[in-house]
Amino acid sequence: MKGNEAIAHAAIRTGCDGYFGYPITPQSEILETLAAEKPWETTGMVVLQAESETASINMVYGGAASGKRVMTSSSSPGISLMQEGISYMAGAELPALIVNVSRGGPGLGTIQPSQADYFQTVKGGGHGDYRLITLAPASVQEMADFVDLAFTLAFRYRNPAMILSDGAIGQMMEKVVLPEYRPRRTEEEIAAGCPWATTGRKGLRSPNIITSLGLRSEEMEAINLRLQAKYREIERKEVRYEEYLTSDAEYLIVAFGSAARISKKVTSLAREAGIKAGLLRPITLWPFPSERIASLCGQVKGILSLEINAGQMVEDIRLAAGGRIPVRWYGRLGGIIPEPEEVLEELKKIAAL
Amino acid sequence: MTHEFILSGFGGQGVLSMGKILAYAGLMEGKEVTWMPAYGPEQRGGTANVTVIISDDPVSSPILSTYDTAVVLNQPSLDKFESKVKPGGTLIYDSYGINVPPTREDISVYRIDAMEKAAEGDMLKVFNMIVLGGVLKIHPVVSLESVLQALRKTLPERHHHLIPQNGQALRLGMDLVREG
């Protein structure tokens with residue numbers, strides 16, 4: 001099935017309570033699949049086409065405030081519209097899943113695949129000092145697997161999580177093993193698992209207040225410090241990445257999502273051409289695998305960051321490398337996907353330095 | 001063993017479905033498959049193409065610059081993909097509407113007059129299965145039985161009575177394809 005369809009099926013199967021979204025290419029199959037599957041008749045999951053992306057994200061805010069597993073999905077321009085809501089959810093510490101099947105920008109851009117939303121996703125997007133847990137699937141299987149993982153991390157840290165995919169992975173069909181069916185949590189389970197949620201106090205406890213507002217500066221600083229401590233904990237505990245042929249690598253490609261798939265092929269082509277290449281694929285874009293990249297800098301002679309954008313993740317790689325070895329970027333823009341052979345030529349240039 | 005196909009033609013010719021059925025047939029045989037469409041605003045009459053990779057190992061890049069086999073069903077597709085067949089690879093084309101036939105000599109070229117035959121025999125709806133039959137005759141990457149199984153899997157129940165007709169089309173394509 002398609003990557004987009006895998007997201008929808010995984011949400012139904014892993015106890016998602018509600019989906020709120022607005023159609024946009026190249027991710028409309030998520031809403032379409034949910035509408036066709038009618039989970040409200042089986043698991044009780046709510047599926048609603050909202051009047052806009054702004055409405056969708058605020059419906060997600062409301063559902064998350066009551067401890068429900070709720071999600072939305074969109075593509076780049078629609079995700080831009082959601083940024084206010086995402087910042088509010090980060091401030092109010094609400095767990096939720098936002099899926100971005102990104103396309104080429106800026107502006108209305110193109111419907112073809114792109115990874116140009118890296119900055120928006122991992123460097124803020126909305127206002128304020130906040131972080132978004134970001135998972136980057138590289139296969140249809142991971143589109144399915146990361147739905148539950150994103151919800152798990154979101155609830156573990158009371159923080160919104162994003163699956164940052166692109167049109168290639170969303171539209172591609174591959175073999176996929178869907179997760180086992182799991183019922184939605186009962187109201188009692190939600191109340192027990194989310195003591196912060198607005199589940200109704202029934203006169204038995206003091207009110208739970210969900211807000212991102214703190215008008216007194218001292219209070220707001222304390223909230224910020226608590227958030228920052230949480231972000232440091234996530235950076236310590238939740239970094240995920242995959243390595244391919246790195247043990248003897250002399251040159252390293254760093255790439256995520258569909259660019260990582262291309263890079264795997266480039267790695268093989270490079271080895272046939274006598275260049276010992278390896279691949280590091282960040283699975284979490286935030287938290288970023290900076291430490292692992294830093295340690296590989298003691299082994300490899302150069303790094304190529306392959307991105308389907310104008311060079312965004314390369315900045316984080318350079319920070320990790322600390323100027324010790326050359327770090328170069330290669331990519332294509334506007335919805336064009338780089339082909340393995342052209343990437344190999346870039347790798348050869350680094351090997352010739 | 002990995003086989004990388006590009007299937008290309010006009011929108012509405014059933015190129016994407018042909019690719020999907022080929023990929024599903026691979027799935028039926030337990031192979032690793034990837035189906036990557038060049039999706040876009042194109043509709044009927046525009047161009048459509050899809051990359052299908054069938055492999056014994058996990059598929060790396062779904063985006064390719066060269067292919068083992070190109071199946072092209074119109075002149076723009078032939079112009080675009082003839083040069084992208086790997087040396088020693090295969091090009092299969094439908095001659096209908098082709099003014100400038102392929103010229104490469106370092107690849108095997110096959111021709112299948114599927115459109116002409118489909119129009120004659122009132123088989124336009126299964127045109128793509130005639131082509132697929134020809135492709136599988138040249139490269140039996142999946143069995144005919146797996147393709148029929150894939151059709152049962154992908155077609156809605158109400159269309160299952162058409163599967164025998166698809167089977168006929170596949171066999172017709174196997175007979176039609178020839179060198180050239």
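Letters A, B, ... mirror the listed sequences (proteins, then strands); counts begin at 1. Please read all numbers here as calculations on a predicted model, not as lab measurements. Computation of the quantities below employed the complete heavy-atom set of this structure, encompassing side-chain atoms and omitting hydrogens, waters and symmetry-equivalent molecules.
Only the backbone of B:K31 comes within less than 4.5 Å of a heavy atom of chain A; no side-chain atom from C-beta onward does. For A:P338, the part sitting under 4.5 Å from any heavy atom of chain B is the backbone (N, CA, C, O) and nothing else. Within the 4.5 angstrom heavy-atom criterion, atoms from both the backbone and the side chain of B:L64 approach chain A. No part of A:A259 comes within reach of chain B, as not one of its non-hydrogen atoms sits under 4.5 angstrom from that chain.
For the atom pair B:Y24 OH and A:M1 CE, the distance stands at 6.5 Å (nearest 0.5 Å). Separation of atoms OG (A:S139) and CD (B:E32) is listed at 10.0 Å; rounding is to 0.5 Å. Distance check, rounded to the nearest 0.5 Å: CE of B:M36 to CD of A:Q171 gives 7.5 Å.
Heavy-atom neighbours of A:E41 CD from other residues, nucleotides or ligands within 6.0 Å: above the threshold of 12. Around OH of B:Y96, the count of heavy atoms belonging to other residues, nucleotides or ligands within 6.0 Å does not exceed 12. More than 12 heavy atoms of other residues, nucleotides or ligands shown are found within 6.0 angstrom of CG on B:D57. More than 12 non-hydrogen atoms from other residues, nucleotides or ligands lie less than 6.0 angstrom from NZ of B:K86. Within a 6.0 Å radius of CD in A:E345, more than 12 heavy atoms belonging to other residues, nucleotides or ligands are found. The 12-atom threshold is exceeded at OH of A:Y251, counting heavy atoms of other residues, nucleotides or ligands nearer than 6.0 Å. In the displayed structure, B:E120 atom CD is contacted under 6.0 Å by more than 12 heavy atoms of other residues, nucleotides or ligands.
Heavy-atom minimum distance, B:W35 versus A:K2: CZ3-CE, 3.9 Å. Considering every non-hydrogen atom in both A:R261 and B:V59, the closest pair reads NH2-O, 3.1 Å. Residues A:M172 and B:P37 come closest through the heavy atom pair CA-CD, 4.4 Å. Shown here for A:E174 and B:T34, the closest heavy-atom pair between the two residues is OE2-OG1, 2.7 Å.
A:P340 is listed as a side-chain neighbour of B:S65, based on a closest heavy-atom distance under 4.5 Å. Using a 4.5 Å heavy-atom cutoff, the side chains of A:E339 and B:T66 are not in contact.
Note on A:K175 versus B:E29: no salt bridge recorded, every NZ/NE/NH1/NH2 to OD/OE distance being 4.0 Å or above.
With B:S61 as reference, A:I262 is the one residue of A:V343, A:I262, A:I337, A:V266 to meet the side chain to side chain contact (heavy atoms under 4.5 Å, CB included) rule.
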